[in-house]
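Everything below concerns the one structure shown next.
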Amino acid sequence: MNFHKDNLEALQKFQQMLNAEPDPLGVESTPDKKAQTLVISHVETTLDELFFGHWRTENFKWAVLANEVQASLELVVIHPISGYELKRTGAASVIIMVDKVPDNVFGSDRNRWALNPDNKKANAMDLAFGKLKSECLKNAALSLGKVFGRDLNRKNKDTYKPFKLKGALGRGHEQDVAYVRELIAAATDINQLAKIFKACSPEVLAEVGEEINFKKQSFGISE
Amino acid sequence: MENVLFRASQLGKLMTDARTKTGLSETTKSALLEVYVQQKYKRYKEISNKYIEKGLAVENDAIDMWRRERKQIVFKNEQKFRNQFVVGTPDLLIIDDNDKCTNVPDIKSSWDIHTFMDAKQNDISKDYYWQGQAYMWLTGAPTATFCYVLVNAPIEMINDEKYRLSRRLNLIDPQGDPTFIKKAQSIERNMIYDMEQFMRDYPDADLESHRMEWTYDIPVQERIHEKVVEFDADAIAKLQERVPMWREYLNTLAL
């Protein structure tokens with residue numbers, strides 16, 4: 001990766017995308033209604049969109065601790081600008097569901113009831129294990145940026161502040177190129193094309209040469 | 001200082017008439033002192049406020065919006081023009097098919113809708129009038145157009161305003177305070193006029209306003225107005241008369 005100023009601009013722009021607010025349609029309350037979460041479908045689709053499908057999970061590991069299953073995995077993405085592989089670890093846990101504690105059990109016996117495997121619901125991990133992996137993935141994705149729901153439950157939130165990169169051709173140049181491309185596309189005769197050509201700076205012309213030649217050809221003028 | 005050239009943007013102050021009709025006005029003398037320091041010591045007085053900062057920060061956006069709306073094939077001018085009296089770099093030049101400059105548009109970015117409407121209702125300032133006259137004189141254009149444009153403020157300026165608000169309210173956790181939220185939303189409404197564009201420019205923006213409930217955009221057509229100044233040969237003659245007086249005064253400062 002060559003960290004040329006123009007590459008830095010592209011990196012910063014991608015970082016801005018990672019730090020965009022999450023899609024409000026994907027934000028739901030957690031089952032206990034105490035917090036908000038970005039649902040797994042939106043996390044996975046956003047990974048697909050931002051990393052062009054180049055992501056995977058690795059090393060899904062779990063362990064049973066009392067009445068919980070704790071797990072972790074590694075989310076691996078390929079950065080679309082730098083091409084480097086980035087890894088983020090995600091961790092989560094789920095409770096092994098047990099039958100309801102009988103009403104005549106009190107105090108610490110209630111805890112013992114929950115910890116006794118004999119009381120485990122028959123299909124306790126059937127759905128919970130899949131959910132555990134999803135929660136690990138969500139947790140790993142959080143560290144990539146706000147778009148994955150990083151700040152959903154935080155009050156004191158920092159914001160991504162990109163640097164002003166001096167030396168890059170900059171926003172004015174980008175706007176000029178975009179405007180000229182639109183003008184070329186809309187040009188209906190060679191005179192209009194000539195006007196555009198005359199008004200443009202060499203820097204802009206250098207970037208729209210192909211479009212101008214294509215348009216010229218469409219007017220029956222060969223190079 | 002016999003050959004000092006005066007910048008187009010300084011002419012408004014320099015052309016201020018003296019109350020007694022004899023000699024130079026105090027405003028002119030003060031402006032000339034600045035010119036003197038610039039010429040002799042190559043030091044430029046730093047004048048900065050949030051209005052100027054926004055103008056500089058959004059210059060490209062303002063030009064882009066104006067040219068698209070007015071369908072002008074025009075790009076920011078970098079060429080400095082000069083004659084024996086004045087010097088200046090107009091923002092834009094409208095050139096006709098015969099390579100003649102027909103208009104000198106100068107883009108003025110308003111701070112907010114209030115200053116924008118204020119400019120719309122009032123005549124252009126003396127500073128702009130003389131700036132326009134100088135640009136027309138330098139380029140041969142018969143008209144100069146002052147284009148007032150209202151575009152989104154950069155996110156850094158919005159965050160800066162909100163930060164200052166949080167300090168004024170003495171809040172350590174501003175986002176938990178309803179008064180802050182309300183006032184911050186008001187700041188955002190005063191600084192954002194096209195939310196879609198804003199979110200394209202700053203996808204990571206952390207706004208207090210709810211995007212889904214945002215209904216405060218102002219159409220582009222309502223965010224541009226123009227004031228045209230026509231070339232006035234008498235005004236230029238008056239300016240030419242005064243330049244030797246200014247240069248003479250500069251020489252007295254040099255003593």
Side-chain angles (χ1 to χ4, degrees), chain A residues 12-25 27 46 49-50 145-148 150-164 169-180 182-184 186-187 191-205 208, chain B residues 56-79 91-99 107 151 154-156 158-160 162-163 166 171-177 180-181 197-213:
Chain A
Q12 287 203 146
K13 278 193 181 156
F14 183 68
Q15 211 58 31
Q16 281 182 287
M17 290 163 80
L18 286 175
N19 281 290
E21 288 299 312
D23 182 357
L25 296 174
V27 178
T46 308
E49 288 165 349
L50 289 176
K146 284 183 187 214
V147 75
F148 295 104
R150 177 196 278 180
D151 284 343
L152 276 177
N153 301 302
R154 290 174 177 164
K155 266 191 175 180
N156 188 347
K157 299 179 273 189
D158 199 2
T159 51
Y160 179 68
K161 296 173 273 296
F163 292 108
K164 282 180 188 162
L169 284 171
R171 186 174 168 81
H173 175 75
E174 277 175 28
Q175 286 168 332
D176 285 350
V177 171
Y179 184 49
V180 169
E182 286 171 34
L183 290 171
I184 293 169
N191 289 334
Q192 287 181 4
L193 210 55
K195 266 189 187 173
I196 298 164
F197 194 84
K198 197 173 165 185
C200 279
S201 67
E203 289 82 14
V204 173
L205 279 178
V208 297
Chain B
L56 292 172
V58 303
E59 188 181 25
N60 293 322
D61 296 348
I63 289 175
D64 200 42
M65 189 171 104
W66 181 82
R67 69 185 171 190
R68 283 167 183 276
E69 187 57 24
R70 294 292 181 258
K71 305 202 180 336
Q72 293 283 351
I73 304 175
V74 68
F75 302 92
K76 182 156 174 49
N77 168 60
E78 307 286 352
Q79 190 189 344
D91 281 348
L92 301 169
L93 303 168
I94 306 290
I95 310 285
D96 70 8
D97 293 343
N98 301 316
D99 287 338
I107 305 291
V151 295
I155 194 164
E156 297 82 11
I158 297 176
N159 287 340
D160 192 44
K162 289 197 282 191
Y163 173 73
S166 72
L171 298 169
I172 196 165
D173 174 23
Q175 277 153 333
D177 184 276
F180 171 83
I181 300 284
Q197 179 66 49
F198 188 81
M199 292 313 295
R200 269 201 300 273
D201 292 340
Y202 309 104
D204 53 336
D206 184 18
L207 298 176
E208 302 306 332
S209 307
H210 303 293
R211 274 207 64 198
M212 307 295 242
E213 294 162 19

Worksheet item: To the nearest 0.5 Å, how far apart are NZ in A/K157 and CG in A/N19?
Response: 12.5 Å
Fill in: Heavy-atom proximity to chain A below 4.5 Å, by part of B/M199
neither
Discussion item. Between A/E182 and B/K71, does any NZ, NE, NH1 or NH2 come within less than 4.0 Å of an OD or OE carboxylate oxygen?
Written reply: no
Fill in: A/L183 versus chain B, the contacting section by heavy-atom distance below 4.5 Å
side chain
Worksheet, complete the sentence: Okay, A/V180 and chain B: the region with an atom under 4.5 Å from a heavy atom over there is side chain
Worksheet item: Do A/Q175 and B/D61 have a side chain donor and acceptor closer than 3.5 Å?
Response: yes
Practice prompt. Measure B/D64 against the heavy atoms of chain A and call it side chain, backbone, both or neither at under 4.5 Å.
Written response: side chain
Worksheet, complete the sentence: Residue from A/K198, A/M17, A/K146 scoring the most non-hydrogen pairs under 4.5 Å with chain B is A/K198
Worksheet entry | Largest heavy-atom contact set with chain A, pairs under 4.5 Å, which of B/R68, B/E59, B/K76 | B/R68
Worksheet item: Do you know the tightest heavy-atom contact between A/D158 and A/D151?
Response: O-OD2, 3.9 Å
Worksheet entry | Best-contacting candidate, B/N159, B/I73, B/I95, against chain A by heavy atom pairs under 4.5 angstrom | B/I73
Practice prompt. Side chain from CB out, backbone as N, CA, C, O: work out which of these in B/R67 comes under 4.5 Å of a heavy atom of chain A, or both, or neither.
Written response: both
Practice prompt. For the pair B/D206 (side chain) and A/T159 (backbone), establish whether a donor and an acceptor sit closer than 3.5 Å, ignoring hydrogens and angles.
Written response: no
Practice prompt. Could you tell me whether A/F14 atom CZ has more than 12 heavy atoms of other residues or ligands within 6.0 Å of it?
Written response: yes
